[in-house]
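Report on one structure; see the data block that follows.
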Amino acid sequence: MVAPGVRAVERGGDARAAAEDSLEDYAFRYVPRSFRRWSALSVGGTALGSIAFLADFSIGAAIGLEHGTTNAVLGILLASVIIFLVGFPVAFYAARYNLDLDLIARGSGFGYYGSIITTVVFAGFTCIFFALEGAIMAQGLEVAVGIPLPLGYVISTVVVIPIVIFGMRALERLQFWTTPLWLALALVPLIWVVFTQPDAVTEFLEFTGASDGSVSFSAVVASAAVCFALTPQLAEQIDYIRVMPPRTAANSTSWWAAFVFSGPGWVIFSGTKQVIGLFLAVYLVTKVDPSLTDRAVEPVKQFLGMYRSLLPDWVALALALILIVIAQVKINVTNAYSGSLAWSNVYTRVKKRYPGRTVFVLFNLVIALALMLLDVFSLISFVLSLYANVVMAWLVTISADIAINKHLLGLSPRFPEFRRGMLHDWNPVGLVSVGLASLLSLLCFAGMFGPEMKPFSVLIAIAVAAIATPLMAILTRGRYYLRRASDGIPTPILDGDGNPSGDRLRCHVTGYTFERPDMLASAEPGPRGEVQFVSSLALALDESDRYVLPPEPAVPDRYGRGRML
């Protein structure tokens, strides 16, 4: 008998798989080869299209106006290097094994239900970031066409719904066609200013902001702390690069190039935009309108001021509006898409029901709209600095588990296990690490360790997570990673190139076929006692537990065979 929740998802069979996938987009599942039909470069280009967001410009301007150009640029560089190093192993696992960050976290220190905690953290980020970006779009509508901010908030929320509902296919087309126009609008006038007004560059380099102009390590770290809050953008990049094609000898070069630049390399472009945002803010307050002061952090003011210094007023208004609308739609479709995947994942595991991803698109947007109406943009530096502490504790824990516990210590299974029944529900390795790192860094951020230590709160989160993750794995001897040593299927889960196998097996619960990495042997034998197979989808929606195999002694590195890199 088919479980009601499963029937709701699977109705329609293989003949309607393409239509169903466009709505579901594998919200809580491994992404099969049959869905990953794009080339590596196409996936990489789509992923990079999502980093057109304008919050980078605000962040760069905010930290630069406070700490000066030198401290801000050094802070941006520090944050970018750390984010790249932390993000590389996590993004690699997503691209190589075609999993989103929640599925990776399950087998990287958190357990089947434990990863819910980190997924909620990420889902919260998508709401906050959507609100910040939506507020920027509303500011642009107010300046250009006089639309009141509250109505602008509603417009910036509603406009993304038709695109997000149709998932990866619609997002790929949007990002591909809009990226060249966005780049032209953002970079051409900037390049013109730099080459025709060299004194603007000199003033930018000498700008001291609210500081005394001296280089200070605490100011550099305080600048970096705000930038660290953008780290969850890695998870949004992962929601794209998880559809990378299998890596083979034929596509190895393009695969690595697409992965590096659209995965961990997103921070290179993000850091560049932060420096540009600082330049535009300095240009505004020194060349265009010194009275702007704090309002120079608004991207609307930045680009409108730059355009007005070069073009007639009506042209400047039109170009600024086009740039801002394009940029905000590009990033907010990603925020809404990634948020819907995250909320779907959480709800499905908790309730064993899947009402459809569209429900969670709307849920995510309602929260984001409420944050906009509460004027979260006015608190951008504080909100992002606070959030950065928990964000870095979470991502450093996952990264350390992959790099250290999996590859150096061998205490964590190299294959990123995600299937129910194969994992323990809770793993103290990740939970203790994130909890301890978050607590200590937040206490530091609150001034409990003295005001001189407050700027270093995010570095405390990073250091504690990097140490606690392998320490907990050693103390627990890796006992809480795997519930079973074998999934009961005799064929290998990886192919000869180290990619997830494309072999298909039939799920006896749903009646449909799924690829090998999505399948396990079922605890319920067939009519003649034969072994039956069950999909991770059916297990996720099953309330009876009758298909879950019993526990057995687990070998942490059972999937360590073959080439993993």
Side-chain angles (χ1 to χ4, degrees), residues 26 28-33 36 86-116 118-119 122 234-235 237-239 241-244 246-247 259 263-264 341-342 345 349 394-427 429-430 433 469-470 473 478 480-487 489 492-495 497-501 515-520 536 539-540 554-565:
Y26 303 93
F28 49 95
R29 294 170 51 195
Y30 157 79
V31 183
R33 293 191 184 199
R36 295 181 277 121
V86 170
F88 192 96
V90 184
F92 176 79
Y93 261 54
R96 183 63 159 156
Y97 300 113
N98 313 111
L99 306 174
D100 67 21
L101 192 52
D102 177 87
L103 271 63
I104 294 172
R106 294 181 193 180
S108 299
F110 290 91
Y112 184 76
Y113 288 110
S115 67
I116 288 175
T118 62
T119 302
F122 170 57
L234 172 69
Q237 299 303 115
I238 282 173
D239 283 336
I241 65 174
R242 69 193 177 114
V243 302
M244 288 277 278
R247 195 191 78 197
F259 159 71
L341 295 178
N345 214 314
R349 273 177 293 163
W394 156 48
L395 284 172
V396 172
T397 294
I398 299 174
S399 184
D401 192 271
I402 293 172
I404 302 173
N405 295 354
K406 291 184 186 301
H407 288 271
L408 293 181
L409 300 179
L411 293 172
S412 176
R414 284 199 174 189
F415 180 83
E417 185 58 75
F418 63 93
R419 296 165 295 177
R420 182 184 177 193
M422 296 300 296
L423 294 164
H424 288 285
D425 290 344
W426 308 92
N427 188 338
V429 173
S433 177
T469 303
Y480 297 98
Y481 283 98
L482 295 176
R483 182 174 171 270
R484 289 185 53 82
S486 169
D487 58 15
I489 302 176
I493 201 167
L494 302 178
D495 65 15
D497 291 315
N499 300 298
S501 170
E515 291 185 7
R516 168 68 177 87
D518 234 2
M519 300 292 288
L520 298 87
S536 67
L539 286 173
V555 180
D557 62 351
R558 72 194 187 286
Y559 293 131
R561 62 183 182 274
R563 189 174 68 256
M564 285 291 154
L565 293 176

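All figures in this text were calculated on a predicted structure; none of them were measured in a lab.
Applying the side-chain hydrogen bond (donor to acceptor under 3.5 Å, both in side chains) criterion to Asp495, with sequence neighbours excluded, gives Arg33. Residues forming a side chain to side chain contact (heavy atoms under 4.5 Å, CB included) with Pro416 (at least two apart in sequence, or on another chain): Tyr93, Tyr97, Leu99. Considering only residues two or more places apart in sequence or on other chains, Asp518 meets the salt bridge (Lys or Arg N to Asp or Glu O under 4.0 Å) condition with Arg29. Every residue two or more places apart in sequence or in another chain that forms a side chain to side chain contact (heavy atoms under 4.5 Å, CB included) with Leu408 is listed here: Ile404. Residues forming a side-chain hydrogen bond (donor to acceptor under 3.5 Å, both in side chains) with Thr397 (at least two apart in sequence, or on another chain): Ser433. With sequence neighbours left out, Ala473 forms a side chain to side chain contact (heavy atoms under 4.5 Å, CB included) with Asn405, Leu411, Val429, Tyr481. By the side-chain hydrogen bond (donor to acceptor under 3.5 Å, both in side chains) test, Arg420 is found to be paired with Asp545, residues two or more places apart in sequence or in another chain being considered. Residues satisfying the side-chain hydrogen bond (donor to acceptor under 3.5 Å, both in side chains) test with Ser399, not counting sequence neighbours, are none.
Of the inter-residue distances, the one linking Ile402 atom CD1 with Ser108 atom OG reads 4.5 Å to the nearest 0.5 angstrom. Atom OG1 of Thr119 is separated from atom CH2 of Trp394 by 7.5 Å, given to the nearest 0.5 angstrom. Here the OH atom belonging to Tyr30 is positioned 11.0 Å from the CZ atom belonging to Arg516, to the nearest 0.5 angstrom. Here Lys406 contributes atom NZ and Arg414 contributes atom CZ; the two are 10.0 Å apart, rounded to the nearest 0.5 Å. Rounding to the nearest 0.5 angstrom, the gap separating the CG atom in Leu520 from the CE atom in Met422 is 6.0 Å. In this structure, the separation between CE on Met519 and CG on Leu539 is 9.0 Å, given to the nearest 0.5 Å.
Inter-residue side-chain proximity for Leu482 and Leu423 is flagged as met; some heavy-atom pair is nearer than 4.5 Å. Under the 4.5 Å side-chain criterion, counting only non-hydrogen atoms from C-beta, Asn499 is in contact with Arg247. Put simply, the side chain of Arg36 reaches to within 4.5 Å of the side chain of Pro246, judged on heavy atoms. Residues Phe92 and Phe259 have side chains in contact (heavy-atom distance under 4.5 Å, counting atoms from C-beta outward). For the pair Ser115/Arg349, a side-chain contact is recorded, criterion being any heavy-atom separation below 4.5 Å from C-beta on.
Checked by atom type and distance alone, the side chain of Asn98 never pairs as donor or acceptor with a backbone atom of Val243 at under 3.5 Å. Of the possible donor and acceptor atoms, none in the side chain of Arg419 sits under 3.5 Å from a partner among the backbone N and O of Ser536. Using a distance-only test at 3.5 Å, with no hydrogens or angles considered, a donor-acceptor pair links the side chain of Arg242 to the main chain of Asp239.
Scanning all heavy atoms of the two residues, the minimum distance from Gly421 to Arg483 falls at O-NH1, 2.9 Å. The shortest non-hydrogen separation linking Thr118 to Ala105 is OG1-CB, 4.1 Å. Of all the heavy atoms in Ile104 and Val90, the pair that sits closest is CD1-O, 3.8 Å. Closest of all the heavy-atom pairs between Pro470 and Leu409 is CB-CD1, 4.0 Å. Summarising the geometry of Pro264 relative to Ala91, their closest heavy-atom pair is CD-CB, 3.7 Å, with the distance given to 0.1 Å. Here the shortest heavy-atom pairing between Val86 and Pro89 reads O-CD, 3.5 Å.
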- Dump the intermediate steps for side chain to side chain contact (heavy atoms under 4.5 Å, CB included) on Leu234 and Leu101, then the final yes or no. CA-CA 9 Å; Leu234 172 69; Leu101 192 52; 5.9 Å; no
- Passes side chain to side chain contact (heavy atoms under 4.5 Å, CB included), Phe122 versus Asn345? Steps please. CA-CA 12 Å; Phe122 170 57; Asn345 214 314; over 6 Å; no
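The local environment of OH in Tyr112 is crowded, with over 12 non-hydrogen atoms from other residues, nucleotides or ligands closer than 6.0 Å.
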